[in-house]
Every structure is written in C-alpha cells, then in structure tokens.
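This chain uses plain numbering: 1 for the first residue, then up along the sequence. What you see is a predicted model; the values in this text were computed from it and never measured.
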Amino acid sequence: MISTLKPTRRDFIKTSLAGVATAGALPLAVQAQDHGKPKMLPIIEAPYWIDADGKETTFNMSEVRGKWLFLECFQKWCPGCKNYGLPGLQKITQEFGDDKRIKFLAIQTAFEGYFFNDQGAVRKIQKQYELPIKMAHDPGNIQPNGRPITMTRFRTGGTPWTIIAAPNGEIIFSDVHVEPDRFIAFMKQQLA
C-alpha cells in the first residue's frame, strides 16, 4: 500500500501489516494497556455535541455498543491534527461511508488555547474536513489539572489522539496517529 504520510514510530500497525493480515488482530493491542490507559471503553461524554449536519444533539453510549468505535481527539489549532489527524479521519470516513458496524466520533479536547479551541470551532472543523459524523466539544479549564474529561478517562497524551475499540468494548489502539491506508485494510478484513 502507498501511504501519503511518512510512517512514524507511533504509526498504526507500524511494523507488522503482514501480522495484521495473518493474525486478524492489531499487533499494538497491548499498547492500550500501557501507562494506565483503560483496557475497556469508558463512558464517553461531553457537554456539547453536533450531529453530521452540524445541529446540536446529544450522545448516548448505546450508539457504540456492539460496533467498532473510531474516536479522534483534536484541537482546531493543533498542527498535527491539521496535517494528518483530521485528513486521516476524513479519508477513513469517506471509505466506510454509512457502514452501521462502525461508529465514528470526533471530540475537540481543549486543554489549551481555549479562545481558539472553542465550541464554535467544532462545526468549522466538521465543515472544513467534510466529516459527516457526530462531533463534540470537551473543554478543560485553565485550573491546574483542568483537563477535559475525555483526556482524563482515556489517558490521552494530547492531540491528535486516536482511540479504536472493538465491538466488545475492548480498546485495541490508543495513541497519536492511525495511518489511514493501514487502518482501512485492517477494518475491511474485520468486516468481511
């Protein structure tokens, strides 16, 4: 497969695409258990959600039960989000369209630059990257350790950050970046 991005040491399935093809599992599954990251999907919540059309809505955990979950955490001003996180999410959502076996979510986890990474930025990002998915704004606050609840529950290290969970709720990937072509190949195998 040809990637539009140069692989990094934290790339999704960075060393063993062949291992994914033969084993049918992510070789980085153990990584989700490192550094106190949750092994199973915690409750996802944020105070502000918009639907695929940008209209204010709500989210319930029943929307992800029994489905693959692809959750992208971002900030509007984050260079990594603009350069590969959000374009990667765009490519992946275009590939899988309306497949009901996968739930895509994106949450702006504002832990700095609160003026730029505000609630209104969520819809701007949704339109800019043509993301027909439910999105949220999870603001932290300026107080010490005032991290957004998503960052706290998933123990993310910033943005961009991708979380992938299997239909049974097991987190199989939680790290900085998912290489889109490799994820697409993996997911097609899982859904076949």
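Distance CG/L86 to OG1/T93: 10.0 Å, rounded to 0.5 Å. In this structure, W49 CH2 and D138 CG are separated by 8.5 Å, a value rounded to the nearest 0.5 Å. Separating the CD atom in E56 from the OH atom in Y48 is a distance of 5.5 Å, to the nearest 0.5 Å. Rounding to the nearest 0.5 Å gives a distance of 11.5 Å between CD1 of I102 and NZ of K100. In this structure, the separation between CD1 on I44 and CD1 on I107 is 6.0 Å, given to the nearest 0.5 Å. Atom CH2 in W161 sits 8.5 Å away from atom CZ in F173 (nearest 0.5 Å).
For P148 against A110, the heavy-atom pair with the smallest separation is CG-O, 3.3 Å. For the pair A106 and L89, the tightest heavy-atom approach, listed with the atom from each and the gap, is CB-CD2, 4.0 Å. Residues M61 and L41 come closest through the heavy atom pair CE-CD2, 3.9 Å. The shortest non-hydrogen separation linking V176 to Y84 is CG1-OH, 3.8 Å. Here the closest non-hydrogen pair linking T57 and K134 is CG2-CE, 3.8 Å. Here the closest non-hydrogen pair linking T109 and C73 is OG1-CB, 3.8 Å.
Checking side-chain atoms of K76 against main-chain N and O of K82 turns up no donor-acceptor pair under 3.5 Å. Proximity of a side-chain donor or acceptor of T156 to a complementary backbone N or O of T152 within less than 3.5 Å is not detected. Of the possible donor and acceptor atoms, one in the side chain of D118 sits under 3.5 Å from a partner among the backbone N and O of A121. In this structure, K37 contributes its side chain and S174 its backbone to a donor-acceptor pair below 3.5 Å. Judged by distance alone, the side chain of Q108 and the main-chain N or O of N117 form a donor-acceptor pair under 3.5 Å.
Under the 4.5 Å side-chain heavy-atom criterion for ILVMFWY residues, no single connected hydrophobic cluster contains both L71 and M40. V64 and I149 fall into different hydrophobic clusters, where Ile, Leu, Val, Met, Phe, Trp and Tyr residues are linked whenever their side-chain heavy atoms come under 4.5 Å apart, directly or through other members.
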- Task: Applying side-chain contact (heavy atoms from CB on, under 4.5 Å), run through Q75 and F111 and close with a yes or a no.
- Result: CA-CA 9 Å; Q75 290 189 97; F111 61 92; 3.0 Å; yes
- Should D181 and K91 be marked as a salt bridge (Lys or Arg N to Asp or Glu O under 4.0 Å) after you check the CA-CA gap, both sets of side-chain angles, and the distance that decides it? CA-CA 9 Å; D181 291 332; K91 183 174 186 173; 2.6 Å; yes
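Contact check for E95 versus K188: side-chain heavy atoms found under the 4.5 Å cut-off. Looking at H177 and P160, their side chains never come closer than 4.5 Å, going by heavy atoms from C-beta outward.
In summary, the aromatic rings of F183 and F70 are positioned with their centroids under 6.0 Å apart.
Around atom CG of D98, no more than 12 heavy atoms belonging to other residues, nucleotides or ligands sit under 6.0 Å away.
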Contacts under 3.5 angstrom, residues 124-133 side chains, donor-acceptor by atom type, not counting sequence neighbours:
from, atom 1, to, atom 2, distance (Å)
Q126, OE1, R123, NH1, 2.6
Q126, NE2, D51, O, 2.8
Q126, NE2, I133, O, 2.9

